[in-house]
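Everything below concerns the one structure shown next.
Bear in mind the structure is a predicted one, so any value in this text is a computation, not a measurement. Position 1 is the first residue of the sequence, and the numbers go up from there. Side chains included, hydrogens not; waters and symmetry mates left out as well; all remaining heavy atoms used.
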Amino acid sequence: MLLTYRALKRRALAKKLAITTPNGIDESSYVRIGGIDQWISVRGEDRSNPVVLEIHGGPGASNLVFTPRTRAWERHFTIVRWDMRGAGRTFAAGGPEGQGEMTLDRLYQDALEVTAHVRARLGVAKVLLVANSFGTVIGLRLARNHPELYSAYVGTDQNIVGGDRDRSAYEALLARLARAGKKKQLAQMTAIGPDRSAWSSHEWAEYAKTVVTTDPLTYDTMKTVVVRSLWFSPLHTLRDLRTYLKGQTFSEQLGPQAMTIDEYAEGTAFRLPFFVFQGESDVLTPPQPARRFYDEVTAPVKDFALIREASHFASFRHPDRFLDLLLTKVRPVVTGEAVDR
């Protein structure tokens, strides 16, 4: 019965995803990036719309599963979704042995190659960079270093790794565990300590898992948005889903690498429009550190907005609200035109 319902739901979602407009685009394929085959999907109803390049989170968590939830975005933007090495279909193509160098520097270089491919394939001078969660670590570097390639930067679930300046998320987790009487988890999280740069891959993953499962809104989002998107994705078979999860586990090795960064030391000067749209109640990447960093940023245009009733995965829990922010705040800056909705 469950599989029958899944099949019916996937069929309905596949129908919803069909792009039939004359100037639309719906293509996906492997592209040789960084010496390995990496999966890139391009979807939109009008090729003349601004091109969005997403830098997904996780690490290892492809955004392809959210395509049905973000279908409305494709009326106003051409959405490029890239499965990084270690993620989704890229991980499936080569397996653990075929992912090559798993470092932040390599992912950064991959992103630049993907950007060059997208600009050439779609014939655009610049693309709009939209990064979420773990992807914002790479996204900030791209935006900071290459304003000639990107029309603007949009960060959501924005990570700010600030050289151990902020321990609020860690301290809030300990407080939640203490209030709930979770003595074993409290001892485990206390033992790893607040210095994220000293965590192992396992400790980093356990921390993230504990944060997600101890906050009601985040846990609800994981169940109703993330897990449902995985289960009903018309773009993924059951085997694909198993591989997806294996890719996330494989990519955990990247987590501690990101924790050694100091975004303030890397720089707060951005020579392109800079936007942060954060979940108001995000406990994994809280809005307060993101706001403090934003306040230090200098950029030609900048804006910060909170997405109400949202924790982590804010853009996918409320894709309509995120789209509204893109249309009212970002698209006019990128195109120089008012939005006709």
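A donor-acceptor distance shorter than 3.5 angstrom exists from the side chain of Q278 to the backbone of Q158, with no hydrogens or angles considered. No donor-acceptor pair under 3.5 Å is formed between the side chain of R196 and the backbone N or O of M259. R81 places no side-chain N or O within 3.5 Å of a backbone atom of I40 that could act as its donor or acceptor partner. Side chain of W82 to backbone of S41: no donor-acceptor contact under 3.5 angstrom is found. Between the E203 side chain and the S200 main chain, a donor and an acceptor come within less than 3.5 Å of each other. In terms of modelled atom types and a separation under 3.5 Å, the side chain of R32 and the main chain of G35 share a donor-acceptor contact. Within the 3.5 Å criterion, the main-chain N or O of K209 finds a donor-acceptor partner in the side chain of T213. Using modelled atom types, one side-chain atom of T136 and one backbone atom of N159 make a donor-acceptor pair closer than 3.5 Å. In this structure a side-chain-to-backbone donor-acceptor pair under 3.5 Å is missing from S133 to G135. Although no hydrogens or angles enter the test, the distance criterion places no donor-acceptor pair under 3.5 Å between the side chain of R331 and the main chain of L326.
Taking CG of L64 as the reference point, atom OG of S28 lies at 8.0 Å (rounded to 0.5 Å). In this structure, CG in L327 is found 5.0 Å from CZ in F77, a value given to the nearest 0.5 Å. Rounded to the nearest 0.5 angstrom, L230 CG and F66 CZ are separated by 7.0 Å. Rounding to the nearest 0.5 Å places CG of L104 at 6.0 Å from CD1 of I138. Of the inter-residue distances, the one linking E45 atom CD with I19 atom CD1 reads 6.0 Å to the nearest 0.5 angstrom. How far NE2 of H146 is from CG of L112: 4.5 Å, rounded to the nearest 0.5 Å.
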Inset, instruction - Assess whether side chain to side chain donor-acceptor pair (under 3.5 Å) is satisfied between N49 and R75, documenting all intermediate values. - result: CA-CA 8 Å; N49 280 330; R75 289 199 287 272; over 6 Å; no
Inset, instruction - Starting from the C-alpha separation in whole Å, work towards a yes-or-no answer on salt bridge (charged side-chain N to carboxylate O under 4.0 Å, His left out) for D83 and R89. - result: CA-CA 6 Å; D83 286 2; R89 284 186 161 81; 5.4 Å; no
Inset, instruction - Would you please test N23 and T21 for side chain to side chain donor-acceptor pair (under 3.5 Å) and show each step? - result: CA-CA 6 Å; N23 202 34; T21 49; over 6 Å; no
Legend entry - Full working for side chain to side chain contact (heavy atoms under 4.5 Å, CB included) between L325 and V330: CA-CA 7 Å; L325 289 168; V330 182; over 6 Å; no
Legend entry - Worked verdict on R308 versus E280 for salt bridge (charged side-chain N to carboxylate O under 4.0 Å, His left out): CA-CA 5 Å; R308 293 177 297 102; E280 184 178 44; over 6 Å; no
Inset, instruction - Take V31 and Q38 through the side chain to side chain contact (heavy atoms under 4.5 Å, CB included) test and state the conclusion after the steps. - result: CA-CA 5 Å; V31 178; Q38 303 200 36; 5.9 Å; no
Inset, instruction - Let me see the working for F232 and Y5 under ring-ring contact (aromatic ring centres under 6.0 Å, His included), right down to the final yes or no. - result: CA-CA 9 Å; F232 291 117; Y5 178 68; 5.6 Å; yes
Inset, instruction - Begin with the C-alpha distance, continue with both residues' side-chain angles, and end with the deciding distance and a verdict on side chain to side chain donor-acceptor pair (under 3.5 Å) for H312 and D282. - result: CA-CA 5 Å; H312 211 62; D282 195 337; 3.0 Å; yes
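Residues W231 and L238 have side chains in contact (heavy-atom distance under 4.5 Å, counting atoms from C-beta outward). Residues R176 and V283 form a side-chain contact, since some pair of their non-hydrogen atoms from C-beta on lies under 4.5 Å apart. Counting only heavy atoms from C-beta outward, the side chains of V276 and T156 never approach each other to under 4.5 Å. Here the side chains of D295 and F304 are not in contact, with every heavy-atom distance at 4.5 Å or above. Between S251 and T249 there is no side-chain heavy-atom pair separated by less than 4.5 Å. Under the 4.5 Å side-chain criterion, counting only non-hydrogen atoms from C-beta, Y219 is not in contact with T214. Annotation: side chain of V127 is not in contact with side chain of L149 (no heavy-atom distance under 4.5 Å). The shortest distance between side-chain heavy atoms of K16 and R11 does not fall below 4.5 Å.
With hydrogens and angles left out, the side-chain atoms of D46 and S48 include a donor and acceptor closer than 3.5 Å. If you check the side chains of D240 and T237, you find a donor sitting under 3.5 Å from an acceptor. The closest side-chain donor-acceptor pair between N145 and Y108 falls under 3.5 angstrom. S311 and T218 share a donor-acceptor pair across their side chains, judged by distance under 3.5 Å alone. With no hydrogens or angles considered, a side-chain donor-acceptor pair links Y150 and T115 at under 3.5 Å.
With Y294 as the aromatic partner, K302 meets the cation-pi criteria of under 6.0 angstrom to the ring centre and within 45 degrees of the ring axis.
In the hydrophobic clustering of this structure, F277 groups with V301; members are Ile, Leu, Val, Met, Phe, Trp, Tyr whose side-chain heavy atoms approach within less than 4.5 Å, directly or through other members. Connection of V297 to L306 is established within a shared hydrophobic cluster, with ILVMFWY side chains joined at heavy-atom distances below 4.5 Å, either directly or through further cluster members. If you chain together hydrophobic residues whose side chains sit under 4.5 Å apart, L173 and W199 fall into the same group. Side-chain heavy atoms closer than 4.5 Å link hydrophobic residues (I, L, V, M, F, W, Y) into clusters, and following such links, even through other members, never connects I55 to W39. With hydrophobic clusters built from ILVMFWY side chains whose heavy atoms lie under 4.5 angstrom apart, V42 does not share a cluster with Y30.
The two atoms that bring I36 and Q99 nearest to each other are CD1-O, 3.8 Å, heavy atoms only. Pairing each heavy atom of H56 with each of A61, the nearest pair is ND1-O, 3.2 Å. When every heavy atom of G24 is checked against every heavy atom of R47, the shortest pair comes out as O-NE, 3.4 Å. The minimum heavy-atom distance between A314 and I307, with the atom names listed, is CB-CD1, 3.9 Å. Counting all heavy atoms, side chain and backbone alike, A258 lies closest to F134 at CB-CE1, 3.7 Å. The two residues A87 and S62 come nearest to each other via the heavy atoms CB-N, 4.4 Å.
For D220 and R317, the salt-bridge test passes: some basic side-chain N is under 4.0 Å from an acidic carboxylate O. Using a cutoff of 4.0 Å between basic side-chain nitrogens and carboxylate oxygens, R144 and E263 are scored as salt-bridged. For E148 and K126, the salt-bridge test fails: no basic side-chain N is under 4.0 Å from an acidic carboxylate O.
Counted within 6.0 Å of CZ on R271, heavy atoms from surrounding residues, nucleotides or ligands total 12 or fewer; the atom is thus considered open.
Legend: salt bridge (Lys or Arg N to Asp or Glu O under 4.0 Å) pairs involving residues 101-121, not counting sequence neighbours, sorted by first then second residue: E27-R121, R85-D110, D105-R141, R106-D110, R106-E113.
Using bins of under 30°, 30° to 60° and over 60° for the plane-to-plane angle, the ring pair Y244/H236 lands in the perpendicular bin. A tilted orientation is assigned to the rings of F293 and F274, their planes being inclined by 30° to 60°. By the 30° and 60° cut-offs, the orientation of the rings of Y153 relative to F270 is parallel.
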